[in-house]
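One structure is given below, encoded as C-alpha cells.
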2 protein chains.
Amino acid sequence: MSENPLELPPTVARLWALAEPESPRRGPRPALSLEAITAAAIELADEEGLGALSMARIAERLGFTTMSLYRYVASKDELLALLMDAAADTDVPRPVAGEDWRDGMRRWALHQMEVLMSHPWLLQIPIIGPPVGPNALRWVDAGVAMLSGTGLEPWEKMSIIGLVSSYALSEARLTIDQGSEPMPFGRYLRLLVDPKKLPALAELVASGQLDEPPDIDEYGLDASTRFGLERILDGIQSLIESRGIQ
Amino acid sequence: MSENPLELPPTVARLWALAEPESPRRGPRPALSLEAITAAAIELADEEGLGALSMARIAERLGFTTMSLYRYVASKDELLALLMDAAADTDVPRPVAGEDWRDGMRRWALHQMEVLMSHPWLLQIPIIGPPVGPNALRWVDAGVAMLSGTGLEPWEKMSIIGLVSSYALSEARLTIDQGSEPMPFGRYLRLLVDPKKLPALAELVASGQLDEPPDIDEYGLDASTRFGLERILDGIQSLIESRGIQ
DNA sequence: GGTACACAGTGTGCGTCATAAACAGTGTGT
DNA sequence: ACACACTGTTTATGACGCACACTGTGTACC
C-alpha cells in the first residue's frame with residue numbers, strides 16, 4: 001500500500017490508491033488484491049444481499065481464509081466504503097450536443113437511480129462517507145457538466161448536485177423497499193387513518209387516488225418519483241430564469 | 001398483546017397496539033412494558049449511539065435479562081421500527097392562520113430535520129419501513145394540512161410530502177455525518193480533483209467557493225441545505241401557479 | 001552466500017451479538 | 001384442585017469482526 005502524502009483519512013487514501021499499482025516489496029507475492037476482494041464482495045452481495053456479506057463469506061469465495069482480507073482493508077467498514085465507490089464504476093452520462101441542462105440533469109438522475117437499483121444492497125449500507133472516491137467524483141463531475149451554461153454560482157451548482165443525488169438515493173431506496181413490503185402504502189392508510197385524528201390525510205385517502213396501482217416506467221420508477229424529480233427540476237429552472245440566463 | 005383484526009403485518013400491528021391498553025390475562029402481571037422498553041432504548045441510543053443498542057444493554061438498563069424483551073417484541077428489527085415511530089412522538093407543526101403553504105411547508109421540513117438531528121442514531125437505522133406508525137402519520141397529516149388550499153391533486157400532495165420528507169431525512173443525515181468527518185468536503189475536492197480528468201468539477205473547486213466554512217443557522221443547518229429546500233419549494237410553487245390557483 | 005527483516009496467509013481464540021428452547025414460578029380459568 | 005397460559009430466567013448456539021501469534025516466502029543488506 002502506497003504512502004499517504006496528501007494526509008487523507010485512511011479510507012479515502014485507500015480509495016484512491018486503488019488506481020495506482022504497487023511497487024515490489026519483500027515477502028511473498030500477494031495472491032490476493034483489493035480489486036479481487038471488492039469484485040468478489042460485490043458479486044456475493046448482488047447474489048445474496050448485504051446480510052450475507054461477511055468477511056468469512058467473501059474470503060471463502062476467493063479461496064482464502066478470513067483474516068487474509070485484513071492485509072488489504074483495515075476493517076469491514078472500510079471495505080463497505082470501497083464497495084460503494086466500486087459499484088459506481090459504470091459509464092457516466094455526459095452532456096450531449098443540443099441537450100439542455102434540464103434534460104441532462106434528468107438523465108443524470110435517472111441513470112443514477114438505475115445504478116443504485118441494480119445493486120439494492122448499496123442502499124442498506126449503514127455507513128455514509130462523503131462522495132469522494134474516484135467513481136463518485138466522476139459522477140459529480142458529469143452532473144456539474146450538465147449545469148454548465150446555466151450561469152449559476154459554483155456553490156449553487158454543488159448544492160444542486162447534492163440535492164438531485166440525495167433525491168435519486170432516497171427514491172431508489174424507497175422503490176426497492178416497496179418491492180418487499182407486504183402491503184401497499186395506500187392500503188395501510190385506508191386501514192389506519194382515522195378521520196377524527198388525521199383529518200387532512202383522511203381526505204386524501206377518501207379520494208381513492210392513493211389506492212391506485214403504481215404506474216411503473218422503463219426505469220422501474222413510479223409516477224410519484226418522476227413527479228418529485230420534475231418538481232426539483234422546476235425549482236432549479238425557476239432559479240436559473242430569475243438570473244435572466246437561458 | 002391484542003388481536004390483529006385488520007390483518008396488518010406484525011410490526012405495524014404492534015405499532016398501533018401501543019395505543020391500546022391490555023385486558024387482564026392469566027399469569028404473573030408483566031413488570032415490563034413496551035413503552036418502558038422503547039423509552040430505555042431511546043435513552044441508551046441518545047447517550048451512546050446506535051452501536052450500543054443491543055438487546056442485552058437495553059435489558060440491563062431496565063434491570064431485566066435479555067430474553068425477557070422477546071415477550072414484547074418479535075425481534076430487534078421490530079424494536080428498531082418501533083423506536084423510529086416513538087422518536088417522532090413530538091409536537092407536530094400545524095398550519096397557522098395567515099401563513100401561506102410555502103412558509104408552512106418550510107416550517108414542517110425544518111422542524112422534521114430538528115427532530116431527526118436530536119436523535120442522530122435514527123439516521124443510522126439500517127431498516128426502512130413505510131411511515132405508517134401513529135406518530136409518522138401524525139406528521140404526514142400535518143404536512144398535508146399545510147398544502148390545503150393549494151388546489152393540488154391528492155396524489156400530488158402525497159408525493160410532495162414524500163419529497164420534502166426525504167429531503168429532510170437526507171439533509172439531516174448529511175449534517176450529522178459532516179460533523180464527524182475529519183476533513184471538510186471542499187478540502188477533499190482540492191486535494192483529489194485533477195483538472196485533466198474532472199474538468200467541470202475542477203472549475204468549481206478553482207472558484208474557491210467550496211472552501212468556505214459552512215454558514216450555520218439556528219437549526220444547525222448550512223446554506224446549502226436551505227438552498228436545496230427553497231429549490232424544492234420553488235418547484236412546488238411553480239406547479240401550483242401553473243394551476244392558476246393562489 | 002548467509003542472515004535479518006518485512007511481508008502474505010493461516011490458525012486460534014476472544015468478546016459480542018441475536019435469539020431458540022427449556023425451565024421455574026405465578027395467577028387465572030374451569 | 002388442577003390445568004393452562006403467561007412472565008421472566010437460564011443455558012446454549014451459531015455467527016460475527018477482528019486481535020494476535022505463527023509459519024513460510026522473498027528481498028535487502030552485509
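Note on naming: letters A, B, ... go to the chains in the order of the sequence lines (proteins, then strands), and numbering restarts at 1 for each one.
Taking atom CD on B:Glu60 and atom C1' on C:dT16, their separation rounds to 13 Å, with Å as the unit. Spacing between atom CZ of B:Arg26 and atom P of C:dT28 amounts to 11 Å, rounded to whole angstrom units. In this entry the distance linking CD1 of B:Ile58 with P of C:dT16 reads 16 Å, nearest Å.
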Passes side chain to side chain contact (heavy atoms under 4.5 Å, CB included), A:Leu174 versus B:Ser166? Steps please. CA-CA 10 Å; A:Leu174 189 61; B:Ser166 80; over 6 Å; no

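In this structure the side chain of A:Leu8 never reaches within 4.5 angstrom of the side chain of A:Val132, judged on heavy atoms.
In terms of the salt bridge (Lys or Arg N to Asp or Glu O under 4.0 Å) criterion, residue partners of A:Asp217 (sequence neighbours excluded) are, by chain and number, A:Arg226. With sequence neighbours left out, A:Arg71 forms a salt bridge (Lys or Arg N to Asp or Glu O under 4.0 Å) with no residue at all.
Ion pairing between a basic and an acidic side chain is recognised when a charged N comes within 4.0 Å of a carboxylate O; B:Arg61 and B:Glu47 show such pairing. Salt-bridge annotation for A:Asp91 and A:Arg138: absent, with no side-chain N of the basic residue lying under 4.0 Å from a carboxylate O of the acidic one.
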Produce a footprint string for nucleotides 8-17 of chain D: one letter per nucleotide, 5' end first; B if the base is under 4.0 Å from any protein heavy atom, S if only the sugar-phosphate is, - if neither. BBBB----SS

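Nearest to the side-chain atoms of B:Pro28 among the listed nucleotides C:dG29, D:dT7, D:dG26 stands D:dT7.
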